[in-house]
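None of these values were measured; they are calculated from a predicted model. Counting starts at 1 for both ligands and their atoms, following the listed order. Just so it is clear, the values below take in all heavy atoms, side chains as well, and ignore hydrogens, waters and symmetry mates.
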Amino acid sequence: MTQHKICGPALHVDSAAGARLKLRGGQEIIDGISSWWVNTHGHCHPKIVEAVRAQAGKLEQVIFAGFTHDPAEKLTRKLLSTVHGTFEGKDGSALDYVFYSDSGSTAIEVALKMAIGFHENAGEQRHKVIALEGGYHGDTFGAMAAGSRSVFNVLYEPFLFDVKHVPFPKTGEEMRSLAWLDKWLKKFGSQTAAFVFEPLVQGAAGMRVYSPKVLGKMAQMCREHGVLLIADEVMTGFGRTGSMFACEQADFTPDLLCLSKGLTGGFLPMGATLATEEIYKAFYHDEKAKQFFHSTSFTGNPLACVAALASLEIWDEEPVMEQIAAIEASHLKAAGWYSARPDVMDVRVKGSIFAIDVRDDVNGYLSSIGHEIYDFMLANGVLLRPIGNTVYILPPYCIDQQDLECIYETLWRSLDSFRNDCFQQAA
Ligand code: PMP
């Protein structure tokens, strides 16, 4: 995701704590994007550091096929109780089984394979997959196939399996998406294995927000046709949108829930695909050929497990939801100021996420305005990494008010300086 010919040299990070990165030479930078959306409780949270340190001297890694260990068992119990607590009473079956892998992309690959295999093992040939237009699910081939076709994957398009995309339910255009889905399901519902979506916020598409109501409706329509719901909560999971998981706000439990990034608090790589008992049972058989064939060498890695367990315990011990609510309140205030700027369009806030689109001749990923803002922000001690002309703030939940205000203020100055430059050039 870096064009080396036009980007400057990489910055060398020596250490990090809380919401700040420390560069070689001593300069501090506020991590305004949680190091690519992974960090939740701040860098080097002492509880996670201690858990990983203690585990490293005991058991660092072991094959997880035919073997198990305390970190995986304890994490699984804790993760399931968190998920059960979140989705209690929501439409859908309980998520009772977890498959561990090592990234968001692999969590998606696993979910796709489970969905397709589930139907095959039940003797139903469902060879179609649908996904939400604009979605990004990672860069492995299945994940790219599920994602929208874009500059990210255009080179590989001939190699991607066919996925049909439900029009994005932009505010005010929800009926168009529902009508498309209704038509599709009437025609192909019985051939469709799964619906893949990022609930409520599409991250890489530029923090595009849509309503829980339309998501709930789409989920219900898919369910009526036996289409499995694959929720990609790799970015939205663990509090990003203001609730533990985004699907919670749309009042349903997905059949497959993909988690990564914030699962370990952003400390170590780990993916998890949660599934219902019905899906688990489709592979539970006397015949070996019916088992779920997928392995990841580092599945259930003990260090990642203890990091994730410590991270989930922090949710119980520290006022994390209050931190998120405070960030959202600050974002909403900032949204008021930014909405008044003529060079800014479409200001949005969802939980800990704040996003604006900056007016430019080129919209989308190839707009160059993002690079200029990136450089200006870094020169002023803030890491933001715009997606084209979309600039967003997605901080670790531990960020203090002062740092948060510094981000809004620096971004404001960045837009001012950019506008002044444009005026000068025009003159
Ligand atoms: N799904 C979503 C919604 C994501 O935002 C990402 C990564 N940005 C992925 C999947 C892929 O995760 P990873 O980079 O860990 O493979």
Side-chain angles (χ1 to χ4, degrees), residues 1-2 31-40 99-115 129 131-153 156 160 163 165 168 194-210 215 229-241 245-247 250 254 256-274 294 296-299 301 304 307-308 311 350-353 355 365 383-388 390 392-394 396:
M1 293 293 174
T2 298
D31 185 354
I33 57 160
S34 300
S35 280
W36 249 346
W37 321 345
V38 300
N39 194 287
T40 53
F99 188 101
Y100 291 112
S101 59
D102 47 26
S103 70
S105 303
T106 54
I108 295 290
E109 297 290 339
V110 166
L112 286 167
K113 285 175 68 175
M114 281 185 181
V129 170
L132 204 54
E133 183 264 313
Y136 172 83
H137 304 287
D139 285 326
T140 50
F141 272 77
M144 280 198 288
S148 259
R149 303 299 176 262
S150 72
V151 65
F152 295 151
N153 53 39
Y156 311 102
L160 303 180
V163 170
H165 290 96
F168 180 76
F195 173 43
V196 190
F197 51 91
E198 289 165 88
L200 305 190
V201 184
Q202 288 186 321
M207 299 298 157
R208 292 208 298 187
V209 178
Y210 64 102
L215 176 60
L229 301 169
I230 302 181
D232 177 353
E233 295 236 20
V234 168
M235 188 279 280
T236 54
F238 302 101
R240 274 299 157 207
T241 67
F245 301 106
C247 287
L256 289 151
L257 174 66
C258 302
L259 303 173
S260 186
K261 296 188 188 285
L263 171 60
T264 60
F267 203 100
L268 281 168
M270 185 176 219
T273 306
L274 277 70
H294 194 99
T296 309
S297 308
F298 285 100
T299 186
N301 173 260
S311 172
K350 186 79 195 167
S352 67
I353 306 169
Y365 193 76
L383 166 60
L384 292 189
R385 200 182 151 99
I387 303 168
T390 298
Y392 65 90
I393 306 170
L394 191 151

In ligand 1, which numbered atoms sit nearer than 4.0 Å to a non-hydrogen atom of [X]?
X: Ser105; value: 11 (C), 12 (O), 13 (P), 16 (O)
X: Asp232; value: 1 (N), 2 (C), 3 (C), 10 (C)
X: Glu198; value: 3 (C)
X: Ser103; value: 15 (O), 16 (O)

Starting from [atom], what is the nearest protein heavy atom, named by residue and atom, and what distance separates them?
atom: atom 15 (O) of ligand 1; value: Gly104 N, 2.8 Å
atom: atom 8 (N) of ligand 1; value: Lys261 NZ, 2.9 Å
atom: atom 9 (C) of ligand 1; value: Val234 CG1, 3.8 Å
atom: atom 5 (O) of ligand 1; value: Trp37 CZ3, 3.3 Å

Using a strict cut-off of less than 4.0 Å between a Lys/Arg side-chain nitrogen and an Asp/Glu carboxylate oxygen, indicate whether Glu233 and Lys261 qualify as a salt bridge. no

Start with the C-alpha gap between Arg208 and Glu133, add the side-chain angles, then the distance that decides, and say whether salt bridge (Lys or Arg N to Asp or Glu O under 4.0 Å) holds. CA-CA 11 Å; Arg208 292 208 298 187; Glu133 183 264 313; 3.6 Å; yes

Only one of Val201, Ile353, Thr241, Leu200 passes side-chain contact (heavy atoms from CB on, under 4.5 Å) with Val209; say which it is. Val201

Verify ring-ring contact (aromatic ring centres under 6.0 Å, His included) between Phe298 and Tyr100, making sure each step is shown before the conclusion. CA-CA 9 Å; Phe298 285 100; Tyr100 291 112; over 10 Å; no

Side chain to side chain donor-acceptor pair (under 3.5 Å) pairs touching residues 103-113, sequence neighbours excluded, are Ser101-Thr106, Asp102-Thr106, Ser103-Thr106, Glu109-Thr140, Lys113-His294

Under 3.5 Å donor-acceptor, Ser35 side chain and Asn39 backbone: no

Do any N or O atoms from the side chain of Ser352 and from the backbone of Arg240 form a donor-acceptor pair under 3.5 angstrom? yes

Applying a 4.0 Å heavy-atom criterion (strictly less than), which segment of Trp36 is in contact with ligand 1: side chain, backbone, both, or neither? neither

Using a 4.0 Å heavy-atom threshold (strictly under), name the region of His137 that reaches ligand 1: side chain, backbone, both or neither. backbone

List the residues meeting side chain to side chain contact (heavy atoms under 4.5 Å, CB included) with Ala250, not counting sequence neighbours, and say none if there are none. Pro212, Leu215, Phe252

Got an N/O contact under 3.5 Å between Thr106 and ligand 1? no

